[in-house]
There are 2 protein chains.
Amino acid sequence: MLSKSCIYGIQATIYVAANASQEFVPISQIASELKISFHFLTKVLQQLTQEGLMNSYRGPKGGVALAKPATEITLYDLIGAIDGTSIFTECMLGLPGCGIAEPCPAHEHWTKIRNELTVIARRLTLETMAKKAGELNVRLTDEFRYAQRLFPSIKPINGAQA
Amino acid sequence: MLSKSCIYGIQATIYVAANASQEFVPISQIASELKISFHFLTKVLQQLTQEGLMNSYRGPKGGVALAKPATEITLYDLIGAIDGTSIFTECMLGLPGCGIAEPCPAHEHWTKIRNELTVIARRLTLETMAKKAGELNVRLTDEFRYAQRLFPSIKPINGAQA
DNA sequence: CAGATTTCAGACTCTTTTGTCCAAAATAAG
DNA sequence: CTTATTTTGGACAAAAGAGTCTGAAATCTG
Ligand code: SF4
Ligand code: SF4
């Protein structure tokens, strides 16, 4: 559904948003905490800065930061910047020039889902997700829980990892 | 969202269902009408027969046919047989062991979409899609409209092709 | 200024998906 | 029985996605 690049981008952006105390967060820190390949993540985040969603700063004390307040960046923006918006415009058969004038046999059913997806992605802001990411049982990646990072004494909810 | 294999499989299956007059439809016919690579489509349909959704028959007068009535094959079955059911169980971050116990920050929003997708895919039968495919403006592929095949004198709705 | 840190840019490899091709097995028809 | 047709099964090639690596440019610290 979403490409790996897109997933990494979303995870990293939520991480940065939740990490509001640091001005610029080094990509190496994000990559090591989220267990994403550093070089790969670098390229993904470069794309986000080129799309104007993040700012970057080189050198010591450098890193990446959100280009706008977390309330003004939506999931739609993130997906659109990395995977493109085709997920919001195409669907089952992905025929060129889809629309009610020349639909595929599932058009009326798929559009319902597609529209709901679009509405939700446009409404869901980084702030909302970052806030959610701070809750106890919520995880950003297979093993990374933000609450555990802030309070290392907390035990994971199902004891799966150290 | 769906792989090419899956899209081809769905298109071909709808074609077969709408083509109820022929007992076995040769893959070469499907491929040439739908403008899909014959050899590639062959493999996709082999998978559908292996999954028990289609029957095949070799030799002259051979081809493929639905293994069950079109009312009993759903979009869910088709997608599940080719792309697998992960699209109905995973979503935004695709973390292993997703669930309410250890969700990602978008879980509650995504599950709404995922559930609706699942419900629609389970309800949408081949018969419904095949019937729809017979309507004038509905197309199965970029250029293929079933109504035009049955009545070649009909002009396409927007005159895009011969 | 010198050295350390960090993003930037591009080349490169590995894997998966997509697409092509060929020979063998099954079947119908003459 | 022979030939033509059609699926089966696998090998193979091309393209796209995912991941790795190296060097250059910018920036801070001392
Ligand atoms: S559901 Fe509608 S928009 Fe989606 S592929 Fe079919 S025709 Fe196009
Ligand atoms: S939305 Fe829920 S099911 Fe989907 S990836 Fe996130 S946690 Fe998993």
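Residue numbering restarts at 1 for every chain, and letters A, B, ... go by the order of the sequence lines.
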On the 0 to 90° scale, with breaks at 30° and 60°, tag the A:Phe144-A:Tyr15 ring pair as parallel, tilted or perpendicular.
-> tilted

Is B:Ser37 near enough to C:dT20 that one of its side-chain N or O atoms lies under 4.0 angstrom from OP1 or OP2?
-> yes

Okay, side chain of A:Asp83, backbone of A:Ile79: is any donor-acceptor separation there less than 3.5 Å?
-> no

Whole-Å distance separating the CZ atom of B:Phe38 from the C1' atom of D:dT8 | 11 Å

Rounded to the Å, how far apart are A:Ile36 CD1 and D:dT20 P?
-> 12 Å

B:Arg122 pairs by side chain to side chain contact (heavy atoms under 4.5 Å, CB included) with which of B:Thr125, B:Ile120, B:Leu124, B:Thr118?
-> B:Thr118

Starting from the 5' end of DNA chain D, give me the residue, A:Lys61 or A:Ser5, whose nearest nucleotide shows up first.
-> A:Ser5

Between C:dT5, C:dT20, D:dT7, which nucleotide has the shortest distance from any of its atoms to the side chain of B:Arg58?
-> D:dT7

Among C:dA4, D:dT20, C:dA28, the nucleotide that comes nearest once only the side chain of A:Lys43 is considered = D:dT20

B:Leu41 CG to D:dT8 C1', straight-line distance once rounded to whole Å | 14 Å

Examine C:dG19: is either OP1 or OP2 under 4.0 Å from a nitrogen or oxygen in the side chain of B:Tyr8? Give yes or no.
-> yes

Whole-Å distance between D:dG9 C1' and B:Ile27 CD1?
-> 13 Å

Base, sugar-phosphate, or nothing for B:Leu45, non-hydrogen atoms under 4.0 angstrom?
-> nothing

Verify, without hydrogens or angle tests, whether B:Ser3 (side chain) and B:Cys6 (backbone) share a donor-acceptor contact under 3.5 angstrom.
-> yes

A:Ser56 vs C:dC8: side-chain N/O to OP1/OP2 distance below 4.0 Å | yes

Separation of B:Asn55 atom CG from D:dT6 atom C1', in whole Å?
-> 16 Å

Nearest-angstrom distance from the residue atom CZ of A:Phe40 to C1' of C:dC12 | 14 Å

Under 4.0 Å between any heavy atoms, over every strand shown, what does A:Gln50 touch: base, sugar-phosphate, or nothing? Just pick one.
-> sugar-phosphate

Taking only the side-chain heavy atoms of B:His39 (C-beta and beyond), determine which of C:dA26, D:dA26, C:dC22 contains the nearest atom.
-> C:dC22

Heavy-atom donor-acceptor pair, A:Lys4 side-chain to D:dG19 base, under 3.5 Å = no

Counting any heavy atom closer than 4.0 Å, what does B:Tyr57 reach on the DNA or RNA strands: base, sugar-phosphate only, or nothing?
-> sugar-phosphate

What integer distance in Å separates B:Ile30:CD1 from D:dT5:P?
-> 18 Å

OP1 or OP2 of D:dT8 less than 4.0 angstrom from a side-chain nitrogen or oxygen of B:Thr42, does that happen here?
-> no

Round to a whole Å and report the spacing from CD of A:Gln47 to C1' of C:dG10.
-> 15 Å

Going by an N to O cut-off under 4.0 Å, is there a salt bridge joining B:Arg145 and A:Glu102?
-> yes

